[in-house]
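Report on one structure; see the data block that follows.
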Amino acid sequence: MSHENPPAATPAASDPEVVLSAQLEALARRFGNRFLLEPSPDHELPEHGMPAVDAMRLIGEELVLDGIPMRNLATFVTTWMEPEAQRIIAENLHRNFIDHAEYPQTAEIEQRCIRMLADLFHAPGETTGARTQGSSEAIMLGALSLKWKWRGRREKAAKDTTRPNLIFGGDVHVVWEKFCRYFDVEPRIIPLQRDKYTIGPEDVEPHIDENTIGVAAVLGTTFTGHADDIVGINDLLVRIKHERGLDVPLHVDAASGGFVWPFLYPHSEWDFRLEQVRSINVSGHKFGLVYPGIGWLIFRERSDLPDDLVFYENYLGKTDATFTLNFSTGSAMVLAQYYNFIRFGRTGYQYIMETMQANTRALAQRIKDIGVFSLIGDGEEQLPLVAFQLAEEHAYDEFDIASQLAAERGWMVPAYTLPPNADHVKIMRALVKLTLGHTLTTTLANDIAEACATLEQKGGLHERDRQRVKTGTGY
Ligand SMILES: Cc1ncc(COP(=O)(O)O)c(C=O)c1O
């Protein structure tokens with residue numbers, strides 16, 4: 001740090017403003033904080049930089065305007081990890097995951113994670129998979145595999161390959177439609193119904209034909225946290241295989257459910273125990289309990305990954321096989337995933353999921369006790385979340401409550417409508433993750449009751465306030 005004194009004003013700078021500015025410059029050199037007197041650079045690369053501490057503070061002080069992640073009950077994504085895991089992450093931010101030749105042990109750890117997940121999901125034997133940026137990339141790769149496999153079968157039979165279609169429900173995440181648009185596949189979307197927010201075999205059957213590359217079913221929907229009838233859909237596909245000779249694969253989108261069902265509902269079959277399930281995606285950064293940036297795709301068997309989707313290249317002196325949409329990416333979250341696997345093991349994950357479930361049940365009961373809400377799908381197999389709605393008409397609605405709750409206490413509990421044809425249904429939904437313990441669930445329920453009491457007195461929100469309500473489902 002410089003210890004020079006502020007320079008005296010030069011004769012040329014007799015203008016008081018210039019003098020003041022020169023003095024401020026000198027003081028800023030001594031004390032830092034110059035950024036406090038200037039607008040944040042927001043348009044072009046600044047000509048000169050600023051001290052490291054100032055840059056850090058500028059960003060930190062702006063981020064205060066964001067919501068606090070632990071009060072974000074919309075997101076499925078992990079908002080807290082153990083200090084030891086944080087240390088692993090911090091110490092490995094500079095390790096490019098794709099440099100397999102240089103970092104072979106990191107590549108080995110990725111493979112260990114894939115093997116552990118394949119085992120958790122009951123793969124029948126040795127198989128393969130991929131680390132991805134999240135479930136979205138895993139779904140793109142999994143669905144591409146379905147398309148490639150379908151095309152291979154069609155080409156072998158000398159049949160038309162120009163009109164592939166993919167079947168899924170309106171309860172899926174937007175990434176499934178994105179895949180269809182990006183990769184030229186006709187989406188056959190089964191609409192939800194007035195009182196049915198997941199899909200089953202009777203919904204799927206009419207859509208299947210020889211151009212169906214696969215069916216996607218969800219384990220833990222983004223909207224209500226329930227599962228499609230995966231057993232029923234599998235049975236349908238098995239029957240169709242025998243009756244019509246059409247071998248239609250099933251992909252399970254277990255983005256959230258893949259780390260919940262094995263521990264809370266171990267006897268429910270949704271994974272490779274079912275014959276037609278050929279691939280599964282899961283987000284490590286959701287209930288895998290890792291910070292954002294990690295997902296997994298697991299195949300039932302090696303042969304479910306088409307050879308020509310794998311690129312072999314001579315990279316930095318070694319032949320490397322890649323099956324990704326990205327190339328360079330961090331290693332930190334792969335290592336953090338492995339940390340969780342070896343740190344918690346099966347019993348640890350089970351204990352954590354049961355903890356979340358116990359707090360979910362307590363929160364659900366308290367919300368019910370407020371007296372104005374009904375719970376959605378209470379008692380069914382569900383992610384650790386409470387989905388609820390007003391039981392009757394009031395002068396205010398779910399969107400008003402979400403806004404009032406945010407205004408009074410900063411909770412981010414989203415309100416949204418369901419996809420068609422259940423788009424008349426308004427829902428609020430609170431994720432119960434590890435950072436929402438017993439005391440906070442009580443506080444949250446009291447705050448919801450308080451927000452309702454305020455709205456009861458003052459009525460619904462003004463239209464201007466309504467526009468600010470958080471309506472995303474959270475991801
Ligand atoms: C069911 C489902 N599938 C896919 C995704 C996309 O996952 P990611 O955010 O890991 O890309 C989400 C995210 O919320 C999801 O809930």
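Heads up: numbering here begins at 1 and tracks the sequence. A quick note: this is a predicted structure, and the numbers were derived from the prediction, not measured. All ligand and atom numbering here is 1-based and tracks the order in the structure.
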- request: Count the heavy atoms of every other residue, nucleotide or ligand shown that sit under 6.0 Å from CZ of Arg153, and state whether that count exceeds 12.
  value: yes
- request: Could you check Glu82 against Gln86 for side-chain hydrogen bond (donor to acceptor under 3.5 Å, both in side chains), going step by step and ending with a plain yes or no?
  value: CA-CA 6 Å; Glu82 296 186 326; Gln86 294 187 31; over 6 Å; no
- request: Looking only at distances, please establish whether an N/O atom of ligand 1 is found under 3.5 Å from an N/O atom of Ser136.
  value: yes
field: The one among Val174, Val77, Asp253 that brings a heavy atom closest to atom 1 (C) of ligand 1
entry: Asp253
statement: atom 15 (C) of ligand 1: of Ile294, Val175, Thr222, Asn281, the nearest heavy atom sits on Thr222
- request: Examine the side chains of Asn340 and Arg343 and answer whether a donor and an acceptor come within less than 3.5 Å of each other.
  value: no
query: Near His285, which atoms of ligand 1 are under 4.0 Å from a heavy atom of that residue?
result: 8 (P), 9 (O), 10 (O)
query: Can you list the ligand 1 atoms lying under 4.0 Å from a non-hydrogen atom of Val218?
result: 1 (C)
field: ligand 1 versus Ala255: contacting region, heavy-atom distance under 4.0 Å
entry: side chain
- request: Answer yes or no: does an N/O atom from Lys286 fall short of 3.5 Å to an N/O atom of ligand 1?
  value: yes
query: For ligand 1, which atoms sit closer than 4.0 Å to a heavy atom of Ser283?
result: 7 (O), 10 (O)
message: At less than 4.0 angstrom from any non-hydrogen atom of Gly134, what atoms of ligand 1 do you find?
response: 10 (O), 11 (O)
query: Should Glu137 be counted as touching ligand 1, given the test is an N or O pair under 3.5 Å?
result: no
query: Between Asp229, Asp228, Ile240, which is the residue that forms a side chain to side chain contact (heavy atoms under 4.5 Å, CB included) with Pro201?
result: Asp229
